[in-house]
There are 2 protein chains.
Amino acid sequence: MQRNTRQRAAILDVLSRQDDFRSAQQIHEQARTDGQGVGLATVYRTLQALAGAGEVDVLVTDDGESIFRQCADAAHHHHLVCRECGRTVEFQAPEMEEWTRQMAARHGFTDVHHTMEIFGLCPDHTAPAADA
Amino acid sequence: MQRNTRQRAAILDVLSRQDDFRSAQQIHEQARTDGQGVGLATVYRTLQALAGAGEVDVLVTDDGESIFRQCADAAHHHHLVCRECGRTVEFQAPEMEEWTRQMAARHGFTDVHHTMEIFGLCPDHTAPAADA
DNA sequence: ATATGTGCAAATGCTTTGCAACGCC
DNA sequence: GGCGTTGCAAAGCATTTGCACATAT
């Protein structure tokens, strides 16, 4: 049901060599650069499938763009992401998990999931001094 | 510099009577229903201004849509939101604030901000039993 | 052989913007 | 009166989809 196409391999290849969160368009361009051209629609479709299968993590940026990453940790975790270059640090927050679960339960919410991501500028992209 | 127009008042009015997170389009429609028609572009522009001024909170849903709400607590806080109706519970997580700050600092990230929202189904919208 | 995947281009949906008319201060 | 504001419609963007063609199994 899930075929082994050249395109799929190309996308997985880009993902496996990418340590940062990247948009579909960036991944598309990268595959293209690697000489493994893939249609943009295919990139979207494949990423969607991978995300659905839990093989890649998806984050929605403040401006509504989805960015993807093949994470090292298969378990549930969160991210510290550079909003400039996508550089990422994975981390877990077990206390938090429990905490949010209780919060949801206390208010009778079901089928919950939470987002908890930290966006900032990594050491290499610290904001230029805004000297007047 | 910020004028008192009928439109602005209409939008603020809708917001003040709205306890849930709503999209710009929903707010636009509501104003319209209230007999206080406002152009959609104006709604977007006004919400953007209000958000920038910190007078309303903005959340980005999983599908990239922005939803707005005039929050009771002016201080930094988080939300438990019903993904079906927008119903919201505000809450704070002081331990978390400190926690994320340290996490960012430890990795040399600056100018950070974090998102931490819980999405689920409120008691009134619990998923229909998926009985086979 | 056949269902699935792919590519293109058109369509979608949210949001932004150009520009002339409008109205607060 | 002047400058921010509004409205409309067009433009912009990321993403999705229809459909004919290619291809993995």
For the helix from C:dA1-D:dT25 to C:dC14-D:dG12, what angle lies between the axis at the first five pairs and the axis at the last five pairs, to 10 degrees?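 End-to-end axis angle for the helix from C:dA1-D:dT25 to C:dC14-D:dG12: 30°, rounded to 10°.
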
For D:dG7 versus D:dA11, give the span between their C1' atoms, rounded off to a whole number of Å.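 So the two C1' atoms sit 16 Å from each other.
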
Spacing between A:I67 atom CD1 and D:dA14 atom P, to the nearest angstrom: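 That distance rounds to 14 Å.
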
Using heavy atoms and a sub-4.0 Å distance, could you list which residues of residues 14-45 of chain A are near DNA chain C? By number, please.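 Residues of residues 14-45 of chain A that come under 4.0 Å of DNA chain C are, in numerical order, A:V38, A:G39, A:A41, A:T42, A:R45.
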
Please determine if A:R83 and A:D62 form a salt bridge, counting it only when a charged side-chain N lies under 4.0 Å from a carboxylate O.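 Judged by the 4.0 Å cut-off on N to carboxylate O distance, A:R83 and A:D62 do not form a salt bridge.
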
Just to confirm, is there a sub-4.0 Å distance from OP1 or OP2 of C:dT15 to any side-chain nitrogen or oxygen of B:Q48?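 No, because none of the side-chain N or O atoms of B:Q48 sits under 4.0 Å from OP1 or OP2 of C:dT15.
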
When the ring planes of A:F91 and B:W99 are compared, do they come out parallel, tilted or perpendicular, using 30° and 60° as the limits?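 The rings of A:F91 and B:W99 sit tilted, inter-plane angle from 30° to 60°.
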
To the closest 0.5 Å, what do you measure between CE (A:M96) and CE (A:M116)?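 It is 5.0 Å, given to the nearest 0.5 Å.
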
Within this structure, what is the CG-to-C1' distance between A:D62 and D:dA14, rounded to whole angstrom?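 Going from CG in A:D62 over to C1' in D:dA14 covers 16 Å.
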
A:Q7 CD to C:dC8 C1', straight-line distance once rounded to whole Å: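 Checked: the CD to C1' distance equals 14 Å.
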
Does B:S66 place a side-chain N or O at less than 4.0 Å from the phosphate oxygens OP1/OP2 of C:dC14?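 Result: no.
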
Mark up nucleotides 20-25 of chain D, 5' to 3', with B wherever a protein heavy atom is under 4.0 angstrom from a base atom, S wherever such an atom reaches only the sugar-phosphate, and - elsewhere. ---BBS

Would a line drawn from the ring center of A:H114 to the ring center of A:H78 be shorter than 6.0 Å?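 Yes.
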
Please report, rounded to the nearest Å, how far the C1' atom of D:dT6 is from the CG atom of B:L47.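 Atom CG in B:L47 sits about 15 Å away from atom C1' in D:dT6.
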
Separation of atom CZ in B:R8 from atom P in D:dT6, rounded to whole Å: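 Whole-Å distance recorded here is 8 Å.
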
Would you compute the distance between atom OG of B:S66 and atom CZ of B:R22 and round it to the nearest 0.5 angstrom?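 Going from OG on B:S66 over to CZ on B:R22, the span is 15.5 Å.
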
If the plane angle is over 60° it's perpendicular, under 30° parallel, otherwise tilted; pick one for A:H79 and A:F21.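 Judged by the thresholds at 30° and 60°, the geometry between A:H79 and A:F21 is perpendicular.
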
Is the closest side-chain heavy-atom distance between A:R69 and A:T88 below 4.5 Å?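 The answer is yes; the side chains approach within 4.5 Å.
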
Taking transitive links into account, so neighbours of neighbours count too, which hydrophobic residues share a cluster with B:V60 at under 4.5 Å side-chain distance?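 Besides B:V60, the hydrophobic cluster comprises A:V60, listed by chain and residue number.
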
Contacts of type side-chain contact (heavy atoms from CB on, under 4.5 Å), residue A:E55, not counting sequence neighbours: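 A:E55 satisfies side-chain contact (heavy atoms from CB on, under 4.5 Å) with A:L50, A:A53 once adjacent residues are dropped.
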
Please set out all donor-acceptor pairs under 3.5 angstrom arising from side-chain atoms of residues 38-48 of chain A, sequence neighbours excluded.
from	atom 1	to	atom 2	distance (Å)
A:Y44	OH	A:Q25	NE2	3.2
A:T46	OG1	A:T42	O	2.8

Roughly how many Å is it from CZ in B:F68 to P in C:dC14, rounded to a whole number?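 Whole-Å distance recorded here is 13 Å.
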
If we count only N and O atoms by modelled type, under 3.5 Å, do the side chains of B:Q30 and B:Q26 hold a donor and an acceptor together?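 No pair is found: no donor N or O on one side chain lies under 3.5 Å from an acceptor on the other.
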
